[in-house]
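Data first, discussion second: the structure below is written as C-alpha cells.
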Amino acid sequence: MIRSVVRGFGAALPKRVVTNRELEETVDTSDEWIVQRTGIRQRYIAGEGETTASLGAEAARKALDNAGLTIADIDLIICATSTPDNTFPATAVNIQNRLGMHHGFAFDMQAVCSGFVYAVSTADLHIRCGMARRVLVIGAETFSRILDWTDRTTCVLFGDGAGALVLEALEGEGTNADRGVLSSHLRSDGTHKEKLYVDGGPSTTGTVGHLRMEGREVFKHAVGMITDVIEAAFTATGTTADDIDWLVPHQANRRIIDGSAKKLGIPLEKVVVTVDLHGNTSAASIPLALSVAAADGRIKKGDLVMLEAMGGGFTWGAVLLRW
Ligand code: UT7
C-alpha cells in the first residue's frame with residue numbers, strides 16, 4: 001500500500017515581532033487580557049515585501065533542504081491560504097514560479113484555519129492515486145492584511161507566517177505501524193458561515209474586506225467539532241488517545257487546545273503549543289507548530305501524530321499520521 005510519508009519540514013516568519021505590550025499602544029487592550037483569554041504573547045507581522053507567497057516559498061525551500069531534495073523532485077504544490085497574494089493566479093502557482101519549478105502543477109486550498117489539514121488530506125489522495133510522487137504542502141498566511149486594526153476583538157488574535165511539509169510516496173504494509181498519513185477526516189457546515197468570515201470579496205463588494213468574527217460563538221462550537229473528527233480518526237484506525245505521541249492542534253486559543261486535549265484524555269505534555277509565539281496564523285499554524293516540534297527533537301521518526309483544526313465556514317478536520 002502506498003503511504004504519504006513526511007520527508008521534510010520547514011517554516012518562515014516575518015522579521016517583525018509584535019508583543020501584546022506593543023499592541024497596548026494602539027489598541028484598547030492589555031497583555032493580561034490577551035494572555036488570559038488566548039495564551040498569545042506575541043505574533044509576527046509581515047512588512048513591506050513580505051507576502052503570503054514570499055513566506056510560503058521560504059518555508060518550502062527550507063522543507064526541501066530538510067528533505068535533501070531539490071524542486072526538480074516535486075510533482076505538485078498545494079498551498080493552503082485564505083490570504084492569497086492576488087485573487088488569481090493561485091498563490092501555489094506564484095510559489096511554484098519563485099522556486100523555479102516549471103513542471104508539474106500547483107493549486108490553492110481554501111478552508112481557512114482548517115486549510116492545512118485539508119491540504120495534507122488532498123496531497124495524500126494525489127499520492128495514493130499515483131498522480132504525484134512528491135508533494136510540497138504549504139500553509140501560508142498574512143492575516144495582518146485583512147484585519148480591522150480598530151477592532152480589538154479580532155486584531156489581537158492573529159499573526160503571519162508559513163510552514164511546509166514534503167510528502168513522499170513510500171510503500172507501506174497497510175497497518176498502523178506504517179509511516180505516513182493513516183487517516184483523514186474532513187467536515188464543513190456552511191450554516192455557520194457568518195460567525196467567522198471576511199466582509200468583502202471579488203464577487204460581492206469588489207474589495208478585499210476585513211475579518212469579522214463572533215468569537216464566543218466560534219469558541220462554543222470549537223471543542224465539540226475538534227473532538228468529533230479526532231474520535232472519527234481513532235475509530236477508523238482502532239487507535240486511542242493512549243497511542244498518540246503528539247497532538248498538533250490548530251493554534252487559535254490555548255483554552256480551546258487545553259479543553260480539547262482534556263476531553264480526549266490526551267495529557268498536555270503531549271500537546272504542541274505555539275500559539276504563545278505565533279498567535280493564530282490560520283492555515284500556517286499547524287505546519288509552523290510541526291516545524292518547531294520536529295526541529296527541537298520532540299517529534300521523532302515513527303511518532304504517532306494527530307493534526308486537527310477548526311475554522312471559518314465552519315470547516316474542521318483531523319489527520320492521523322506516523323512521522
Ligand atoms: O482560528 C479560527 C477559530 N477561531 C477561534 O477559535 C476563536 C474562538 N474564540 C475565542 O478564542 C474567544 O472567544 C476570544 C479569544 C475571541 C474571546 O474570548 P472570550 O472569553 O470569548 O471573550 P468575549 O468575547 O466573551 O469578551 C469578553 C470581554 C468583552 O467585554 P464585556 O462585554 O464583557 O464588557 C469584550 O469586549 O472582553 C472584551 N474584549 C477585550 N478586552 C480587552 C474583547 N476583546 C478584547 C481585547 N482586549 N482585545
Side-chain angles (χ1 to χ4, degrees), residues 18-43 80-83 109-118 139-144 146-161 163 186-190 192-198 210-230 248-261 263 271 273-276 278-289 307-318:
V18 176
T19 61
N20 293 345
R21 288 261 179 254
E22 202 176 329
L23 280 183
E24 286 176 0
E25 288 163 23
T26 49
V27 182
D28 178 19
T29 190
S30 67
D31 177 52
E32 291 72 21
W33 189 94
I34 301 171
V35 172
Q36 196 225 330
R37 302 283 174 142
T38 72
I40 298 166
R41 293 182 183 277
Q42 60 170 45
R43 73 284 296 139
T81 188
S82 300
T83 45
M109 193 104 248
Q110 218 286 41
V112 204
C113 297
S114 311
F116 193 75
V117 168
Y118 272 58
E141 302 280 15
T142 45
F143 260 52
S144 66
I146 55 163
L147 294 174
D148 174 353
W149 286 97
T150 65
D151 174 13
R152 70 173 182 172
T153 69
T154 54
C155 74
V156 304
L157 304 174
F158 295 89
D160 304 333
L186 305 182
R187 298 292 315 277
S188 65
D189 183 352
H192 302 287
K193 68 184 169 55
E194 264 126 46
K195 295 188 177 110
L196 174 48
Y197 71 107
V198 169
H210 291 110
L211 182 148
R212 305 291 173 204
M213 177 166 72
E214 294 173 40
R216 225 173 297 185
E217 279 296 307
V218 179
F219 197 101
K220 222 167 65 188
H221 289 87
V223 174
M225 287 176 161
I226 290 162
T227 50
D228 161 53
V229 278
I230 291 181
V248 185
H250 167 51
Q251 310 282 322
N253 185 317
R254 180 80 211 222
R255 286 151 62 209
I256 295 173
I257 294 172
D258 291 355
S260 310
K263 193 165 169 205
V271 184
V273 178
T274 51
V275 69
D276 52 333
H278 302 149
N280 180 348
T281 58
S282 193
S285 88
I286 291 175
L288 274 169
L307 315 180
E308 61 81 355
M310 179 267 183
F314 293 148
T315 56
W316 63 109

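Start at 1 and go down the list; that is how both ligands and their atoms are numbered. Keep in mind that this is a model prediction, so the values were computed, not measured.
When each of H210, R212, M213 is tested with D151 by the rule side chain to side chain contact (heavy atoms under 4.5 Å, CB included), just one qualifies, namely R212. Checked against R43 for a side-chain hydrogen bond (donor to acceptor under 3.5 Å, both in side chains), the options D160, N20, T281 give a single hit: N20. Residue W316 forms a side chain to side chain contact (heavy atoms under 4.5 Å, CB included) with just one option from V117, D189, L186, and that option is D189.
Taken to the nearest 0.5 Å, the OG1 atom of T19 stands 8.0 Å off from the CD atom of E25.
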Take H250 and N280 through the test side-chain contact (heavy atoms from CB on, under 4.5 Å) and record every step on the way to the result. CA-CA 8 Å; H250 167 51; N280 180 348; 3.0 Å; yes
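Nearest heavy atoms, I40 versus L157: CD1-O, 3.3 Å.
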Are any protein N/O atoms closer than 3.5 Å to the N/O atoms of ligand 1? If there are, list each pair with names and the distance to one decimal place.
unit_1: ligand 1; atom_1: 1 (O); unit_2: H250; atom_2: NE2; d: 2.9
unit_1: ligand 1; atom_1: 1 (O); unit_2: N280; atom_2: ND2; d: 2.6
unit_1: ligand 1; atom_1: 9 (N); unit_2: G215; atom_2: O; d: 3.0
unit_1: ligand 1; atom_1: 11 (O); unit_2: N253; atom_2: ND2; d: 2.7
unit_1: ligand 1; atom_1: 13 (O); unit_2: G215; atom_2: O; d: 3.1
unit_1: ligand 1; atom_1: 20 (O); unit_2: R37; atom_2: NH1; d: 2.9
unit_1: ligand 1; atom_1: 20 (O); unit_2: R255; atom_2: NH1; d: 3.2
unit_1: ligand 1; atom_1: 20 (O); unit_2: R255; atom_2: NH2; d: 3.3
unit_1: ligand 1; atom_1: 22 (O); unit_2: R37; atom_2: NH1; d: 3.4
unit_1: ligand 1; atom_1: 25 (O); unit_2: R216; atom_2: NE; d: 2.6
unit_1: ligand 1; atom_1: 25 (O); unit_2: R216; atom_2: NH2; d: 3.0
unit_1: ligand 1; atom_1: 36 (O); unit_2: R152; atom_2: NH2; d: 3.1
unit_1: ligand 1; atom_1: 37 (O); unit_2: W33; atom_2: NE1; d: 3.1
unit_1: ligand 1; atom_1: 41 (N); unit_2: W33; atom_2: NE1; d: 3.4
unit_1: ligand 1; atom_1: 41 (N); unit_2: R152; atom_2: NH1; d: 3.4
unit_1: ligand 1; atom_1: 47 (N); unit_2: T29; atom_2: OG1; d: 2.7
unit_1: ligand 1; atom_1: 48 (N); unit_2: T29; atom_2: OG1; d: 3.1
unit_1: ligand 1; atom_1: 48 (N); unit_2: R152; atom_2: O; d: 2.9

